[in-house]
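In what follows, a single structure is set out as structure tokens and then discussed.
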Amino acid sequence: MDLRHLRRCIDLASEARAAGQHPFAALVADENGDVLVEAQNESRPPEGDPTRHAELVAASRAARRYPPERLAKATLYSSAEPCCMCAGAIYWANIRRIVYALSELRLLQLTGANGENPTLSLPCRDVFARGQRRVEIVGPLLEDEAAKAHEGFWR
């Protein structure tokens, strides 16, 4: 189930790119694997809001629609490792499991010094390690597949 949901995120990231957005996507699924919400990046300038990363959008939508007890059993899937901002949103939404495809380090190799993605060298594991709640983190997985949506985009 994890790989199926990750591949859906990778497909959504490619769709976001085709629509002119940054190639990122996320979804939240419950403990049975049923998708609760899907989200794509909404941060591309000039109209985008730089805080509207796919993971933050997905966590926010899920938190508005479902009680914290249900989200504690949910998994957030992402085409890329959540940044520290998104990790905070996931934490506060009470989502206790994350599965991601592309690592922050691999993403940096793809984006370079592009001003639209000033990558922070702060793995999400480090962010979650400082919280009071335990968050399970799985990834990176399917990095080569996830990287395809980024190839040639950040030039």
Side-chain angles (χ1 to χ4, degrees), residues 1-17 21-44 48-111 117-150 153:
M1 180 171 20
D2 286 347
L3 296 182
R4 178 171 51 96
H5 286 318
L6 271 186
R7 286 191 170 105
R8 174 65 181 151
C9 288
I10 292 167
D11 289 344
L12 287 169
S14 293
E15 291 175 15
R17 177 183 176 159
Q21 284 294 335
H22 293 138
F24 299 101
L27 66 84
V28 177
D30 68 14
E31 70 272 19
N32 299 314
D34 295 323
V35 175
L36 303 177
V37 297
E38 293 183 337
Q40 294 170 315
N41 189 284
E42 299 173 2
S43 67
R44 186 123 196 238
D49 174 343
T51 68
R52 301 293 288 167
H53 291 188
E55 300 90 345
L56 188 145
V57 173
S60 176
R61 286 180 186 161
R64 284 195 307 267
R65 295 179 188 167
Y66 302 98
E69 301 79 25
R70 185 164 186 196
L71 294 180
K73 299 174 187 173
T75 300
L76 183 135
Y77 294 89
S78 180
S79 62
E81 181 174 358
C83 72
C84 59
M85 175 183 69
C86 293
I90 294 163
Y91 180 83
W92 290 112
N94 203 35
I95 298 168
R96 305 284 181 96
R97 184 169 187 264
I98 298 166
V99 179
Y100 67 87
L102 195 62
S103 70
E104 189 78 0
L105 180 61
R106 180 80 181 270
L107 179 62
L108 177 59
Q109 293 168 353
L110 293 164
T111 62
N117 194 56
T119 303
L120 288 166
S121 181
L122 182 57
C124 71
R125 281 176 172 81
D126 292 352
V127 175
F128 291 116
R130 302 221 174 9
Q132 294 178 334
R133 298 181 187 133
R134 183 182 174 280
V135 178
E136 178 186 354
I137 304 159
V138 179
L141 301 171
L142 306 176
E143 279 196 289
D144 291 338
E145 289 180 41
K148 289 179 183 170
H150 295 269
F153 181 84

List in chain and number order the residues that pass salt bridge (Lys or Arg N to Asp or Glu O under 4.0 Å) with [X], two or more places apart in sequence or in another chain; answer none if no residue qualifies.
X	result
R70	D30
E104	none
R17	none
R7	E145

Check whether any side-chain heavy atom of [X] lies under 4.5 Å from a side-chain heavy atom of [Y], and answer yes or no.
X	Y	value
N41	H53	yes
L27	V37	no
T75	I95	no
L108	S121	no

Requested in this report: Could you walk me through whether L120 and C84 pass the side-chain contact (heavy atoms from CB on, under 4.5 Å) test, one step at a time?
Outcome: CA-CA 8 Å; L120 288 166; C84 59; 3.3 Å; yes
Query - Where V57 and A39 come nearest, the two heavy atoms and their spacing - result: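 Heavy atoms only, the tightest pair is CG1-CB, 3.6 Å.
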Query - Nearest atoms (heavy-atom pairs only) where P50 meets S43 - result: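 Residues P50 and S43, closest heavy atoms: CA-CB, 3.8 Å.
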Query raised in the report: Would you call R44-D49 a salt bridge at under 4.0 Å N-O?
Result: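 Not counted as a salt bridge, because no side-chain N and carboxylate O are separated by less than 4.0 Å.
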Review item, side-chain donor-acceptor pairs of residues 128-142, under 3.5 Å, at least two apart:
| residue | atom | partner | partner atom | Å |
| --- | --- | --- | --- | --- |
| R130 | NH1 | D126 | O | 3.0 |
| R133 | NE | N94 | OD1 | 3.2 |
| R133 | NH1 | Y91 | O | 2.4 |
| E136 | OE1 | R97 | NE | 3.4 |

Query raised in the report: Cut-off 3.5 Å, side chains only: do T111 and H150 have a donor facing an acceptor?
Result: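 No - no donor-acceptor pair under 3.5 Å links their side chains.
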**Report entry** Sequence neighbours excluded, every pair satisfying side-chain hydrogen bond (donor to acceptor under 3.5 Å, both in side chains) that has a member inside residues 78-90
**Finding:**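 Pairs touching residues 78-90 that pass the test: E55-S78.
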